[in-house]
Amino acid sequence: MTIHTTPKIYLSNYIRSFSGKENRYNLTRRKYKKGDLLTVPGTVNNTTHFIHSGMMHLSLTHHSGNVKSLVFYGPGIIFPLGVVPHETPIGYEMELRAFTDMEVTSFSYQTLRQMCVDDGELAAQILEQNCDFISYLFYQDMNRAYTSTSEHVCDILYLYLLNVNPCDNVIPFSQSDLANLVGISRSQLERILKSLREAQVITTMRGSLRIIDVRRLYEACSADIRGFNPLP
């Protein structure tokens with residue numbers, strides 16, 4: 001059986017049962033500026049965040065220095081998910097960074113556990129969010145194995161366009177951001193972007209790029225993505 005679930009590089013609006021939680025659990029909001037870290041390098045994270053506004057970027061940093069960019073979170077998300085404190089560091093660190101200015105409510109994993117015990121609907125919404133996150137990780141793993149690098153780049157750009165609907169089709173990725181998302185070198189990415197520019201699919205700017213022909217981008221995506229999202 002084939003399950004058609006659109007991969008989501010940007011997750012938002014899952015948590016609809018957070019109203020009143022700040023007063024009940026004595027929580028406070030905090031603001032972050034674009035580029036601020038929500039995690040502390042070198043420490044084990046035991047804090048989660050409910051996003052009220054803005055966008056948060058998740059990446060993993062290995063002790064070797066390699067960085068893998070994964071996904072973006074928007075309003076109505078609780079992340080990271082944990083129900084017991086973590087004590088032991090592992091070979092990689094989770095990095096959460098404000099991709100835009102943000103306002104969040106932060107609280108401990110123990111508090112998140114209690115919220116889920118107290119509110120079954122909230123727990124179900126968190127489960128739905130986590131299922132879609134894991135589905136995206138599965139998609140990413142299979143996509144790398146069975147599609148060309150160029151198709152993978154186009155898939156990532158198209159999914160961001162589809163999920164976020166940015167103003168004027170401008171995608172605020174630097175070449176380093178995009179290379180980390182796809183899992184390729186800068187030189188590989190530069191060759192692919194050059195080809196897309198020559199085909200008049202994109203234009204590139206400092207720290208961002210703009211999709212100028214969505215149909216051509218769609219046609220350059222993998223068969224899987226075109227199967228998930230037939231272009232009108």
Would you say the side chains of [X] and [Y] form a donor-acceptor pair under 3.5 Å?
X	Y	result
Glu95	His57	no
Arg97	Ser59	no
Gln125	Ser17	yes

Could you tell me whether Lys8 and Asp132 make a salt bridge, using a distance below 4.0 angstrom between a side-chain N and a carboxylate O? yes
Strictly below 4.0 Å, N to O, side chains only: are Glu103 and Arg30 in salt-bridge contact? no
Working note: Ile211 + Leu209, criterion side chain to side chain contact (heavy atoms under 4.5 Å, CB included); need CA distance, chi angles, decisive distance, verdict. CA-CA 7 Å; Ile211 309 302; Leu209 57 87; 3.8 Å; yes
If only atom types and distance count, is the side chain of [X] paired as donor or acceptor with the main-chain N or O of [Y] below 3.5 Å?
X	Y	answer
Asn45	Thr47	yes
Thr43	Val40	yes
Asp36	Lys33	yes
Thr100	Gly54	no

Applying the side-chain hydrogen bond (donor to acceptor under 3.5 Å, both in side chains) test to Lys21, which of Asp119, Thr105, Asp118 qualifies? Asp119
Quickly, which of Arg210, Gln175, Glu190, Arg197 forms a side-chain hydrogen bond (donor to acceptor under 3.5 Å, both in side chains) with Thr204? Name it, please. Arg197
Taking Leu137 as the starting point, is it possible to reach Ile156 by hopping between hydrophobic residues whose side chains are less than 4.5 Å apart? yes
Is the count of non-hydrogen atoms from other residues, nucleotides or ligands lying under 6.0 Å from Arg113 atom CZ greater than 12? no
How about Phe133 and Phe79: are their ring centroids closer than 6.0 Å? yes
